[in-house]
Amino acid sequence: MHGGKYVIIEDGVSIGKNVSIGHHTVIHSGTIIGDNVQIGSNAVLGCQPFQNSRVKHKVRAQKPLIISNNCKIGNNTVLYAGSILEEEVMVGDLASIRENTNVGNLSVIGRNVIVECRTKIGKRCMIQTGCYVTADMVMEDDVFMGPEVSTSNDKQMGTGTRKLKGPYIKKGVRIGNNATLLPGITIGENAVVGAGAVVTKNVQNSTTVIGNPARVLKRE
Amino acid sequence: MHGGKYVIIEDGVSIGKNVSIGHHTVIHSGTIIGDNVQIGSNAVLGCQPFQNSRVKHKVRAQKPLIISNNCKIGNNTVLYAGSILEEEVMVGDLASIRENTNVGNLSVIGRNVIVECRTKIGKRCMIQTGCYVTADMVMEDDVFMGPEVSTSNDKQMGTGTRKLKGPYIKKGVRIGNNATLLPGITIGENAVVGAGAVVTKNVQNSTTVIGNPARVLKRE
Amino acid sequence: MHGGKYVIIEDGVSIGKNVSIGHHTVIHSGTIIGDNVQIGSNAVLGCQPFQNSRVKHKVRAQKPLIISNNCKIGNNTVLYAGSILEEEVMVGDLASIRENTNVGNLSVIGRNVIVECRTKIGKRCMIQTGCYVTADMVMEDDVFMGPEVSTSNDKQMGTGTRKLKGPYIKKGVRIGNNATLLPGITIGENAVVGAGAVVTKNVQNSTTVIGNPARVLKRE
């Protein structure tokens with residue numbers, strides 16, 4: 001391991017071969033780091049979630065954060081315990097991933113992206129800078145999200161008792177920058193969402209939607 | 001106090017009972033921290049504003065930052081001197097709050113949220129991940145802002161001499177993700193703004209608006 | 001130089017007169033810092049880009065980061081090697097600028113703004129909080145971008161082989177908050193883009209556009 005200055009590695013951290021770590025990075029206890037991983041400076045890896053005073057259920061202690069072989073983790077990132085980054089995942093500077101999320105091989109989590117808890121991101125996804133990936137959503141393989149795409153999972157906006165449910169985004173979907181996806185919708189395989197579109201209902205496979213609210217532009 | 005490694009506590013900081021602080025956190029002089037406060041790693045608390053070369057008035061030295069009892073402050077946050085967090089406020093990772101802002105009891109400032117100066121946020125507000133809360137705005141109690149809501153306060157976009165004025169958001173308003181609020185508008189009590197809506201004028205009480213520009217969908 | 005605690009200054013860094021640096025800041029080798037520069041805490045300055053597993057071309061070692069006289073750099077910022085900040089530039093907290101970008105005299109890069117690589121920002125530009133400035137774009141002098149404006153540079157959303165090209169924004173353009181600009185468009189001199197507009201094609205000089213898709217509201 002090549003570690004920078006003032007790096008903090010708490011008890012029980014496992015670190016593979018040929019790992020490099022920038023300065024001032026904090027690795028919380030139990031975190032598991034594979035081979036050939038590169039980590040920037042000022043990162044916080046493997047932290048436990050706070051108990052939010054507005055969340056009724058008790059936040060449990062999470063399993064370790066797992067960062068697999070050949071991952072690259074940017075500067076000033078915050079990655080929680082209980083999540084798994086598969087091999088060759090890249091996480092950009094100032095990004096954050098919460099607990100119980102899985103990021104598939106070769107996916108890129110861009111800079112300043114926030115990924116919430118209990119979300120599944122497939123393989124080879126490209127989530128560009130500044131996207132917001134809500135909790136309880138699914139993104140299959142090969143999804144492209146342009147910069148600053150916004151998702152949500154709460155139809156009742158904090159007033160309801162129904163289960164939270166984010167969008168379900170199928171394989172090969174491409175989404176333009178600053179598009180808005182409403183809770184619980186499904187975007188079909190290889191569909192395209194135009195930049196700035198506000199998607200309020202399901203989109204069929206291989207269909208392009210644009211506008212606010214989004215309407216069908218074409219089907220292939 | 002339970003403090004992490006390489007924590008910096010400058011002169012004249014007051015820290016209550018049972019406070020925990022992560023690693024590498026910086027607490028600037030004069031900051032006042034209540035009991036049972038939890039603070040993450042790499043936070044910067046109580047910093048003074050820079051004098052921006054484009055701002056004509058002189059930036060004054062601010063009073064201390066006050067973090068009241070039972071607050072929770074995330075990792076890599078930046079909170080300025082001159083602001084007050086009332087009791088049980090939570091501030092997520094990578095969020096920032098500028099000077100002369102007041103956040104009411106039990107409100108949540110989500111991760112990556114930026115709150116500008118001279119703004120008043122009521123009690124029990126939920127400001128979700130990635131929202132932008134402009135300067136000189138008011139949010140009454142029990143407001144819900146979904147992820148990535150955007151506000152602004154300058155009708156003249158940098159060319160004018162009129163006073164800046166952000167939106168005035170009344171009690172119980174709910175705003176969907178990635179909505180855009182223009183300067184100076186009032187959103188009435190218990191109104192609902194749809195996801196992705198662009199709100200260009202006042203919204204009456206208990207009214208739902210959607211679209212770009214936002215139009216009335218229903219009144220209760 | 002007035003340096004905080006646990007500051008890391010790697011080999012070959014050049015620092016001018018009367019520079020102040022906060023705590024825990026990391027300055028990578030070769031970085032050149034002018035006179036009267038103020039730098040916050042937890043910043044990472046002059047880092048080299050990672051080789052992204054999804055980017056085919058080899059990432060080269062970059063020239064030093066140059067921060068000119070009288071610049072101000074916020075807390076928790078990440079600035080890459082290979083970029084130049086001209087005199088009196090201000091960079092807000094939690095912002096990031098990638099390699100091979102040039103920021104002109106007196107411009108402000110707001111808090112939480114991300115500027116990608118190979119982009120040219122003119123003099124006296126105001127890029128407000130949370131904007132996303134894509135790679136391969138040009139912004140001439142005196143441009144105003146309201147908060148959370150979103151840009152992009154890839155018409156084919158990751159599937160194509162064409163050259164990436166961001167928007168070209170001419171002198172004096174003003175853009176409202178949360179507007180969306182598509183790849184490759186030109187916004188003419190002194191044009192105005194309304195808040196929340198989705199700009200899909202070129203905008204003529206001195207023209208105001210609003211809506212989704214943006215349409216002409218007036219010409220001066």
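So that the names make sense, note that chain A is the first sequence line, chain B the second, and so on, each numbered from 1. Only this structure's heavy atoms are used, side chains among them; waters, hydrogens and symmetry mates stay out. Computed from a predicted structure; not experimentally measured.
Against chain A, the residues from residues 73-85 of chain B that qualify, each with a non-hydrogen atom under 4.5 angstrom away, are I73(B), G74(B), N75(B), N76(B) in number order.
Ranked by heavy-atom pairs shorter than 4.5 Å toward chain A, the options N212(B), I175(B), T129(B) are led by T129(B). Between chain B and the options V199(A), V198(A), T200(A), T134(A), the largest number of non-hydrogen pairs under 4.5 Å is found for V198(A).
Using a 4.5 Å heavy-atom threshold, the side chains of S96(A) and N112(B) count as separate. Counting only heavy atoms from C-beta outward, the side chains of M157(A) and Q128(B) never approach each other to under 4.5 Å. Two residues are said to be in side-chain contact when any heavy atoms from C-beta on lie closer than 4.5 Å; R111(B) and R98(A) meet this criterion. Side-chain atoms of D154(A) and F144(B), non-hydrogen and from C-beta on, do get closer than 4.5 Å to each other.
Residue V173(B): no heavy atom, backbone or side chain, is found under 4.5 Å from chain A. With a 4.5 Å cut-off on non-hydrogen atoms, A197(A) does not touch chain B at all. Interface remark: A43(A) contributes backbone atoms only to the contact with chain B (heavy atom separation under 4.5 Å). Within the 4.5 angstrom heavy-atom criterion, only side-chain atoms of E10(A), from C-beta onward, approach chain B. Heavy atoms closer than 4.5 Å to chain B are found in both the backbone and the side chain of E116(A). Interface residue L94(A): backbone and side-chain heavy atoms are both found under 4.5 Å from chain B. Contacts of Q38(B) with chain A are made by both backbone and side-chain atoms, with heavy-atom separations under 4.5 Å. If you measure heavy-atom distances from A95(A) to chain B, the contacts under 4.5 Å come from the backbone alone. With a 4.5 Å cut-off on non-hydrogen atoms, V149(A) touches chain B through its backbone but not through its side chain. In this structure, the portion of V192(B) lying under 4.5 Å from any heavy atom of chain A is its side chain and not its backbone.
For N178(B) (side chain) and T180(A) (main-chain N/O), no donor-acceptor pair under 3.5 Å exists by modelled atom type. A distance-only check finds no donor-acceptor pair linking the side chain of R174(B) to the backbone of T159(A) [under 3.5 Å]. Distance alone, capped at 3.5 Å, places no donor-acceptor pair between the H24(B) side chain and the V26(A) backbone.
The aromatic rings of Y6(B) and Y6(A) sit perpendicular, their planes meeting at an angle over 60°, well past the 30° parallel limit.
Taken from OG in S41(B) to CG in N42(A), the straight-line distance is 10.5 Å, to the nearest 0.5 Å. Here the OH-CD distance, from Y132(A) to E148(B), works out to 8.0 Å after rounding to the nearest 0.5 Å. Between N177(B) atom CG and L181(A) atom CG the span is 8.0 Å, to the nearest 0.5 Å. Note that the CD1 atom of I8(A) and the NE2 atom of H23(B) stand 4.5 Å from one another [nearest 0.5 Å].
More than 12 heavy atoms of other residues, nucleotides or ligands sit less than 6.0 Å from atom NZ of K171(B).
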